[in-house]
Every structure is written in C-alpha cells, then in structure tokens.
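Questions regarding the structure given below will be posed in turn.
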Amino acid sequence: MWIADLENGNYRNPILYADYSDPDAIRVGDDYFMIASSFCNAPALPLLHSKDLVNWKVVNYVLDKVPEFRYRNPMHGCGVWAPAIRYHEGTYYVCFPMPDEGIYMTTTKDPFGKWSEPVNIRPGAGWIDPCPFWDEDGKAYLVAGVAKSRIGYKSVLHMVEMQPDGMGLIGEEVRIFDGDTNGNVTTEGPKMYKKNGWYYIFAPAGGVKTGWQLVLRSKNVFGPYEHKIVMRQGDTLVNGPHQGAWVDTVTGEDWFLHFQDVYAAGRIVHLQPMHWENEWPIIGVNKEENDYGEPVMEYKKPNIGKTEEELKNNPLYPVCEPDTTDEFEGSSLGLQWQWNANPENGWYELGNSKIKLNAVSSVPLRPVCDYRNLLLQKWPAPEFSCITKMSFAGLQDGDTAGIVSLGMEYSAMAVSKKNGSYAIEKITGVQNFDCDVSYADQNKVSIPLAESDFKDKEKIVFFKYEVKCVGYLDNMEMDIPVKHVPQETITMSYSLDGEEYKEAFTIHAKAGRWVGVKNGVFSNHDNTVNGGGYVEVDYVRYE
C-alpha cells in the first residue's frame with residue numbers, strides 16, 4: 001500500500017501513511033518501539049516495532065480494552081489520548097491519558113507479550129499527554145499538558161514528582177510553562193529527555209493542523225525553562241509538523257518522529273533527521289538563514305550500523321508496512337483490526353479461512369456509526385481499493401451486515417434480511433462531535449434482492465470500497481490556512497459475481513473526531529426477542 005523504504009539507501013516521507021496519531025517511540029538495544037493514541041477503539045494503544053525507523057509492523061496492543069465501563073459503547077473522540085513509552089531498568093512503561101478519567105500507567109518486561117492492568121495514577125479530568133522521566137539520582141517525574149475542554153484552560157505544562165515505580169505521584173504539581181504568554185498557543189504533548197545536564201521537553205504548539213515543534217530546556221527539572229521553535233512547515237507541503245519522539249541510533253545519529261494531519265486519512269507519521277546547534281536541537285533541515293528546521297520528503301536512511309548489503313533480503317530487517325489484507329487464515333484476529341468499542345466474547349469466530357461475524361443487537365436503535373461491533377482498520381494509503389467477499393446465507397430476520405466507512409460523514413453498504421426477503425442497503429449519515437452516543441441523522445435506501453439474484457446457496461456478495469484523491473481542500477473546508485491537504489472521495493459498489501460491480505454512491509471523505517476515516521465490516525440485528533444470525537467474511541483484500 002505504502003512503502004517508505006526506497007531500497008536505494010534512502011526513504012520517503014511519510015514513513016507511515018496511516019493514522020498513527022500522537023506517536024511516541026524509544027530505542028532499546030537495536031529495537032525501536034512506537035505507540036500511538038487510539039481513542040475509543042479496542043484493542044487500544046497499538047505497539048509498532050522497527051529495526052531501522054523506516055519499516056514498521058504492528059506487533060501488539062498495550063490494552064485489550066479501554067479502561068472504564070462506559071467504553072462498552074463508542075465514545076467518539078474520548079478514551080486513550082497521546083501516550084508515552086519509556087524503558088527504565090528492565091521494565092517498559094506506557095503512560096496514557098484519558099481526559100475524562102485520569103492518567104494511567106501500565107508496564108511489562110516483554111513488549112511483545114501481556115501488559116499489566118493499567119493503574120490510574122492521577123484520577124480526574126483535565127490532564128492529558130503525560131510523559132514519565134527518570135533522573136540519574138533515582139527520582140522520577142511526570143510532565144503533562146491540559147485539555148481546555150475538560151479543565152477550562154490550555155497551553156499549560158505541569159511537572160510533578162512521581163514514585164520511582166511509576167505507580168503514583170508525589171507532592172504538588174508545578175506549572176512550568178504557559179504557551180499563551182509567549183505566542184505558543186496550544187502547547188501540549190510534552191516528551192522529556194536529558195542531555196549534557198540540560199532537561200529538554202519537546203512539545204508541539206500552534207494546533208494540530210498548522211502548528212510547529214517547540215523545545216524547552218532548563219538546568220532544573222522544575223524550571224525556569226527557555227523555549228525555542230525547532231521545526232516549522234516553512235516552504236514545504238507538510239502542514240503542522242510536530243508532536244512526536246526523539247530517538248537515536250546505535251551509531252549516534254539523532255532522529256525525530258512526528259505526525260502530519262492530512263484530514264481524512266488522519267495523522268500520518270514522518271521521520272526527520274535531527275542535529276544540534278548551541279545545545280538546541282534542530283529538526284529537519286535548516287536553511288542557511290534559519291535557526292529552525294523544515295521537514296524533508298526524501299532523505300538518507302538512518303545509519304543503524306549495517307551496510308545495505310547486510311540489510312538486503314535479511315529477514316531481520318524487512319522492507320515492510322503494517323498489514324492490511326486479511327485472508328483470515330490465522331487462529332487469532334489480525335493486528336490491523338480494532339473494534340468501535342470494547343469487544344465482548346462471542347462477537348466473532350475464526351475458522352476454515354473465514355471470520356464469522358455474529359449479529360450483535362443494536363437495540364436501543366443506534367445509527368451505524370455507533371454500532372459497537374464495527375470491525376475497522378486504518379486507511380493505509382492516499383489512494384486504494386478494498387474488496388470484501390461475504391456470505392449471507394447465515395442471516396436471520398432483522399439482520400444487516402456488510403461494509404462500513406467511519407468518519408464524521410459515515411456510510412455503509414450491506415445486505416439485510418427482513419420477513420424472509422433480502423435487500424441491498426445503502427446507508428449514509430453524519431455523526432456528532434461529542435463523546436456521547438450520536439443518534440445521528442441517517443439515510444437509508446433499499447434495493448430488493450430476489451433469492452434468484454444470488455449465484456449460489458452461500459448467497460455471496462462482493463463489496464468494493466475505493467478511495468481516490470480528487471483535489472485539495474480549500475481553507476473554507478478546513479477553517480484554517482493549510483496548503484495541499486488532499487480531498488478524497490469514497491465510492492462503494494457491489495457485485496453478485498465478483499466481476500461486474502454496480503456503484504452505490506460516492507461521497508466526500510470527512511475525518512472522524514481526532515481520527516482518520518476507518519473502513520471495515522459489521523453484522524448487526526435489530527431485535528432482542530430472537531437471537532441474530534451471522535455473516536461469513538471470506539477475505540478483505542487491499543490494492
């Protein structure tokens with residue numbers, strides 16, 4: 001779908017054309033681990049692994065489910081926000097915020113295995129984007145931002161001492177920075193480091209779509225902190241290049257991972273070279289007259305201590321991307337998939353190279369965007385198509401199953417069964433902007449299907465989902481001055497033979513609440529008196 005490794009010693013940005021928003025990363029030995037926010041989707045907190053900072057695979061999820069009971073339902077825009085990952089004395093730590101519930105910590109000795117049950121180390125609403133830090137003297141600290149929507153103000157960073165085991169906070173927090181006083185509005189997402197006696201806090205400012213990368217430094221953990229802008233968009237097409245992680249290589253190079261918000265596809269991930277001038281980092285490449293960097297679109301790959309010949313065809317250093325296509329041949333659900341809310345046992349079964357999606361009740365009646373059991377994955381490229389083969393022989397009366405596209409404007413194409421009769425359903429709607437259940441306006445058009453329309457007893461239907469770039473969003477649509485953010489269309493079609501497709505509709509793609517558009521499959525029923533049936537998905541193939 002999107003390969004960043006050019007296989008000539010260079011890479012291209014973005015390294016991940018997918019919505020791994022608010023990335024943070026660490027190096028442990030010669031392994032890199034990256035995590036990203038996941039909001040209300042579950043499993044939560046995807047964990048990606050790389051050997052070279054360019055080629056990444058999803059290898060685990062930190063959380064099986066989002067903490068707290070209310071996430072049994074979709075809470076769009078709520079849940080797990082910008083996390084931090086750290087490694088200290090043999091233990092991996094992930095600290096993550098839930099803006100309505102508090103700051104949580106989870107740990108493991110094996111990042112590929114099970115993570116501990118998360119502990120809420122600062123209960124209460126308001127604090128976001130935490131980052132733990134361990135100093136040389138054994139003391140530990142936590143730096144965090146705030147969400148105006150929950151606490152009434154923004155742009156402020158707090159520092160507080162933390163228990164050395166990371167499982168609680170000590171003493172009173174100290175306000176160490178206020179971006180509203182110096183032109184750095186919406187300062188948030190802090191990540192803390194130490195070098196040459198300086199405490200450094202890397203923090204985005206200026207807002208998700210048009211911001212810049214800020215760095216603070218001090219000789220004292222509680223400040224006062226100087227500040228400097230170290231990366232801007234400049235003359236590039238990379239709007240809002242900020243928020244991410246400083247990592248190094250075994251050869252001593254410094255690099256920075258950050259996101260770019262491209263609207264419908266979400267926040268994609270870039271990799272920038274980083275160097276130092278006067279003990280300040282410069283991210284990207286700075287022009288002669290500038291003391292800040294600008295993003296690069298192509299650059300020499302990080303030097304990880306291996307020659308190109310050593311890397312070529314080496315299975316330990318694959319040229320790769322996160323998985324997309326699924327033939328459902330494994331014994332567990334692929335790591336590309338997340339549910340729209342915390343899953344329950346019995347939602348699906350794997351076997352015979354298929355996934356069986358059992359119909360889950362949507363009573364009380366909800367719009368498709370709020371079905372709990374939407375099985376979704378991120379857009380993997382700026383343009384792509386996806387074909388899904390499904391068998392509807394297991395449907396019961398009241399069932400509807402098919403494919404879905406989830407954004408602020410959502411759509412679905414499905415097969416329904418009612419009173420013994422089948423129909424193709426074309427569904428479109430708009431979801432609300434808050435965390436509550438949407439009950440959004442929804443339009444539905446039904447096209448009757450006779451039994452004889454199906455080509456076999458399995459009642460096979462093929463669905464095609466196509467994303468195309470048709471131009472660029474203007475400022476009115478974005479409400480902000482952004483250059484060259486793509487406008488995509490989503491087209492859904494269906495076929496009864498896998499060859500001739502009938503177009504159902506085309507819509508303009510609109511991002512979700514803090515997330516990019518996702519697409520996937522679902523199976524629901526609209527009654528509680530009788531149990532629903534099921535649909536079988538033979539494959540989901542991207543190209």
Side-chain angles (χ1 to χ4, degrees), residues 340 347-348 354-376 385-406 409-431 438-466 490-507 519-540:
N340 201 30
W347 280 9
Y348 74 97
K354 295 180 181 180
I355 185 171
K356 178 183 176 184
L357 297 176
N358 296 314
V360 175
S361 173
S362 61
V363 177
L365 292 177
R366 301 170 180 268
V368 170
C369 64
D370 287 324
Y371 285 177
R372 301 162 58 209
N373 64 320
L374 301 182
L375 185 58
L376 305 163
S385 67
C386 175
I387 293 179
T388 301
K389 181 183 178 182
M390 307 179 81
S391 168
F392 294 93
L395 290 193
Q396 299 292 326
D397 276 346
D399 290 352
T400 302
I403 65 169
V404 64
S405 180
L406 184 64
E409 290 192 8
Y410 64 90
S411 56
M413 190 163 49
V415 172
S416 66
K417 186 177 183 181
K418 193 169 293 186
N419 299 323
S421 298
Y422 295 89
I424 293 284
E425 304 286 359
K426 301 189 295 183
I427 304 166
T428 57
V430 178
Q431 60 170 286
S438 300
Y439 295 101
D441 292 334
Q442 183 166 282
N443 301 309
K444 181 185 290 188
V445 176
S446 297
I447 303 170
L449 278 176
E451 288 270 357
S452 58
D453 290 333
F454 295 108
K455 302 304 180 184
D456 56 36
K457 64 180 181 179
E458 297 299 318
K459 296 182 171 59
I460 300 294
V461 178
F462 299 83
F463 293 110
K464 183 183 289 187
Y465 180 87
E466 295 178 282
I490 299 167
T491 300
M492 289 187 176
S493 309
Y494 71 97
S495 172
L496 298 175
D497 59 10
E499 296 180 4
E500 182 181 348
Y501 282 85
K502 297 180 181 179
E503 182 178 323
F505 52 78
T506 296
I507 64 171
N519 64 291
V521 292
F522 70 96
S523 178
N524 275 69
H525 69 94
D526 63 7
N527 65 77
T528 56
V529 177
N530 301 309
Y534 62 88
V535 65
E536 290 184 318
V537 184
D538 192 289
Y539 58 72
V540 178

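Only this structure's heavy atoms are used, side chains among them; waters, hydrogens and symmetry mates stay out.
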>> Does either side chain, that of Thr491 or that of Thr506, offer a donor lying less than 3.5 Å from an acceptor on the other one?
In response: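 There is such a pair between these side chains.
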> Is the shortest heavy-atom distance from the side chain of Leu406 to the side chain of Asn519 under 4.5 Å?
Replying inline: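 Sidechains of Asn519 and Leu406: no contact.
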> Taking C-beta and beyond as the side chain, do Val521 and Leu357 meet within less than 4.5 Å on heavy atoms?
Replying inline: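 Yes, close enough: below the 4.5 Å cut-off.
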>> Can you tell me how far apart OH (Tyr410) and CD1 (Ile507) are? Round to the nearest 0.5 Å.
In response: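 One finds 10.5 Å between OH of Tyr410 and CD1 of Ile507.
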> Hey, what do you get for OG1 (Thr400) to NE2 (His525), rounding to the nearest 0.5 Å?
Replying inline: 11.0 Å
>> Any side-chain to backbone donor/acceptor pair from Asp399 onto Gly533? Under 3.5 Å, distance only.
In response: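 At least one qualifying donor-acceptor pair exists.
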>> Any non-hydrogen side-chain atom of Lys356 less than 4.5 Å from a side-chain atom of Tyr348?
In response: no
> Are any non-hydrogen side-chain atoms of Ser495 and Lys502 less than 4.5 angstrom apart?
Replying inline: no
> Has the side chain of Asn524 got a donor or acceptor atom that lies under 3.5 Å from a matching backbone atom of Val360?
Replying inline: yes
>> Between Ile490 and Tyr465, is there a side-chain heavy-atom distance shorter than 4.5 Å?
In response: yes
> Which heavy atom of Gln396 sits nearest a heavy atom of Gly532, and at what distance?
Replying inline: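 Smallest interatomic distance, heavy atoms only, reads CG-C, 3.9 Å.
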>> On a heavy-atom basis, which atom in Ala393 and which in Lys459 lie closest, and how many Å separate them?
In response: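 Result for this residue pair: N-CB, 4.0 Å.
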>> One pair to check against side chain to side chain contact (heavy atoms under 4.5 Å, CB included): Leu496 and Ile460. What are the steps and the verdict?
In response: CA-CA 7 Å; Leu496 298 175; Ile460 300 294; over 6 Å; no
> Atom CD1 of Ile403 and atom CD1 of Ile387: how far apart are they, to the nearest 0.5 Å?
Replying inline: 10.0 Å
> Are Ile355 and Leu375 close enough that some pair of their side-chain heavy atoms sits under 4.5 Å apart?
Replying inline: yes
> Do Val461 and Phe392 pass the side chain to side chain contact (heavy atoms under 4.5 Å, CB included) test, and can you show the C-alpha distance, the side-chain angles, and the key distance before you say yes or no?
Replying inline: CA-CA 8 Å; Val461 178; Phe392 294 93; 3.6 Å; yes
>> Working note: Phe454 + Leu449, criterion side chain to side chain contact (heavy atoms under 4.5 Å, CB included); need CA distance, chi angles, decisive distance, verdict.
In response: CA-CA 8 Å; Phe454 295 108; Leu449 278 176; 3.9 Å; yes
> Roughly how far, to the nearest 0.5 Å, is NZ of Lys418 from CG of Leu395?
Replying inline: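 If we round to the nearest 0.5 Å, Leu395:CG and Lys418:NZ are 12.5 Å apart.
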> Are the side chain of Ser391 and the backbone N or O of Glu458 linked by a donor-acceptor pair below 3.5 Å?
Replying inline: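 Here the side-chain-to-backbone pair exists.
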>> Side chains of Ser446 and Glu425: any donor to acceptor distance under 3.5 Å?
In response: yes
>> Rounded to the nearest 0.5 Å, what separates atom OH in Tyr422 from atom CG in Asp453?
In response: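 The distance works out to 12.0 Å.
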> What distance separates Lys464 NZ from Glu503 CD, expressed to the nearest 0.5 Å?
Replying inline: 10.5 Å
>> So Val415 and Val535, do their side chains get closer than 4.5 Å, heavy atoms only?
In response: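 Val535 vs Val415: side chains apart.
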> Quick one: ring-ring contact (aromatic ring centres under 6.0 Å, His included) partners of Tyr371, sequence neighbours excluded?
Replying inline: Phe522
> Shortest non-hydrogen contact from Asn373 to Ser523?
Replying inline: ND2-O, 2.8 Å
>> With side chain to side chain contact (heavy atoms under 4.5 Å, CB included) as the criterion, how do Ile427 and Lys444 come out once you've worked through the C-alpha distance, each side chain's angles and the decisive distance to 0.1 Å?
In response: CA-CA 5 Å; Ile427 304 166; Lys444 181 185 290 188; 4.1 Å; yes
> Do you know the tightest heavy-atom contact between Val540 and Cys386?
Replying inline: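 Scanning both residues completely, I find the closest heavy atoms to be CG1-SG, 3.4 Å.
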> Can you say whether the rings of Tyr501 and Phe462 are parallel (under 30°), tilted (30 to 60°) or perpendicular (over 60°)?
Replying inline: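 Correct class here is perpendicular.
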> Are Tyr494 and Ile447 close enough that some pair of their side-chain heavy atoms sits under 4.5 Å apart?
Replying inline: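 Yes - at least one pair of side-chain heavy atoms lies under 4.5 Å apart.
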> What heavy-atom pair brings Asp397 and Asn419 nearest, and what distance separates the two atoms?
Replying inline: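 Answer, listing the atom of Asp397 first, then Asn419: OD1-N, 3.2 Å.
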